[in-house]
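Below is one structure, written out as structure tokens; the observations come after it.
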Amino acid sequence: MLAVFIPTFFFVSVTPGMCMTFAMTLGMSIGVRKSLHMMWGELIGVGLVSLASVVGVAAIMLNYPSLFSVLKYLGGAYLFYLGVQMWLSKGKMAIPDDLSVSTNTSPLSLAMQGFVTAIANPKGWAFMVSLLPPFINPQLAMPPQLAVLIGIILMTEFGCLLLYASGGRTLRHFLQKSGNVRLMNRIAGTLMMGVGVWLAIG
């Protein structure tokens, strides 16, 4: 069973999506190390979505879409605002003209952005609802099965987030050679605005 689950989830996780685009954007704007704060928030969200999808909370959430809407629109609007700030080379997440200057982005703020992006993504819920139950054997104890499956999900997701954040960092280094910080900010800002819109209307 795990021989099927592992490659299936890896394929889905590594496919470009909202969280992966977010990781790439942060990797480009603030670097991989600081992006780790967003990642642990996102992983907590993914873990909760996975657990809730199996125990049935997802059914309640899907029956009351207003719970989704509040998080989606507020989260999407905030990410879009951050994207505009980055596009204008303003705000804490914008890449500074002096690349040796470190940014003061709050670790908790980054973690919350990752958490909200994970739990307010209806497609993530729909995927977990459809993927996880078939891999649960009702004749066996539930906790050990959930622990193994969610553990695999979190490790795979973390690896893919690191991969995308590293790609963003590589793009930053490439653009940095030309000294075009404004272009870096506009690319990162556009991606961030796209994630915001994606979250709000997804």
Side-chain angles (χ1 to χ4, degrees), residues 5-6 9-55 57-58 61 67-68 70-72 74-83 85-86 91-95 102-125 127-128 131-132 143 146-172 188 191-192 194-196 198-200 202:
F5 179 78
I6 292 174
F9 188 79
F10 174 77
F11 176 77
V12 173
S13 185
V14 80
T15 301
M18 186 162 58
C19 291
M20 296 304 150
T21 303
F22 193 15
M24 185 175 69
T25 303
L26 293 182
M28 182 166 55
S29 62
I30 63 176
V32 176
R33 186 174 61 84
K34 290 186 178 180
S35 299
L36 292 174
H37 297 298
M38 179 281 289
M39 293 180 196
W40 68 258
E42 195 265 354
L43 291 175
I44 290 174
V46 169
L48 288 176
V49 170
S50 303
L51 182 62
S53 297
V54 174
V55 300
V57 176
M61 295 288 285
L67 295 175
F68 270 131
V70 173
L71 284 172
K72 282 173 56 181
L74 289 179
Y78 181 60
L79 293 179
F80 189 87
Y81 167 76
L82 290 177
Q85 291 288 91
M86 294 168 71
K92 291 182 178 180
M93 293 185 65
I95 303 166
S102 61
T103 54
N104 262 336
T105 309
S106 163
L108 183 58
S109 173
L110 288 171
M112 286 304 300
Q113 290 169 33
F115 180 77
V116 170
T117 301
I119 66 170
N121 182 7
K123 292 178 182 177
W125 282 90
F127 171 74
M128 292 299 181
L131 176 71
L132 284 177
L146 282 179
V148 171
L149 292 178
I150 293 177
I152 291 172
I153 287 171
L154 295 182
M155 286 189 291
T156 304
E157 186 80 357
F158 181 60
C160 292
L161 287 169
L162 278 178
L163 183 66
Y164 273 83
S166 298
R169 181 187 59 187
T170 301
L171 181 58
R172 170 181 175 142
L191 288 171
M192 184 71 82
V195 172
W198 197 345
L199 179 61

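Interatomic distance, Leu36 CG to Ile30 CD1, rounded to the nearest 0.5 Å: 9.5 Å. Leu163 contributes atom CG, which lies 11.0 Å from atom CE of Met24 (distance to the nearest 0.5 angstrom). Interatomic distance, CD of Glu157 versus CG of Leu161, reported as 5.0 Å (0.5 Å rounding). A distance of 9.5 Å separates CE of Met112 from CD1 of Ile44, quoted to the nearest 0.5 Å. Taking CE from Met28 and CG from Leu191, the interatomic distance works out to 5.5 Å, rounded to the nearest 0.5 Å. Between the CD1 atom in Ile153 and the CD1 atom in Ile6 there is a gap of 11.0 Å [rounded to 0.5 Å].
Ala23 approaches Met38 most closely through the heavy-atom pair CA-CE, 3.6 Å. Here the closest non-hydrogen pair linking Leu43 and Leu154 is O-CD2, 3.3 Å.
By the 4.5 Å heavy-atom criterion applied to side chains, Phe9 and Ile152 are not counted as neighbours. Using a 4.5 Å cut-off on side-chain heavy atoms (C-beta onward), His37 and Ser106 make no contact. Between Leu110 and Met39 the shortest side-chain heavy-atom distance does not fall below 4.5 Å.
For Glu42, the side-chain hydrogen bond (donor to acceptor under 3.5 Å, both in side chains) test picks out no residue, with sequence neighbours left out. Phe10 meets the side-chain contact (heavy atoms from CB on, under 4.5 Å) test with Val14, Thr156, Cys160; sequence neighbours excluded. Ser166 is linked by a side-chain hydrogen bond (donor to acceptor under 3.5 Å, both in side chains) to nothing, counting only residues two or more places apart in sequence or in another chain.
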Considering only distance and modelled atom types, tabulate donor-acceptor pairs under 3.5 Å from the side chains of residues 76-83, sequence neighbours left out.
none

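For the residue pair Thr117 / Gln113, no side-chain donor-acceptor distance below 3.5 Å is found, with atom types taken as modelled.
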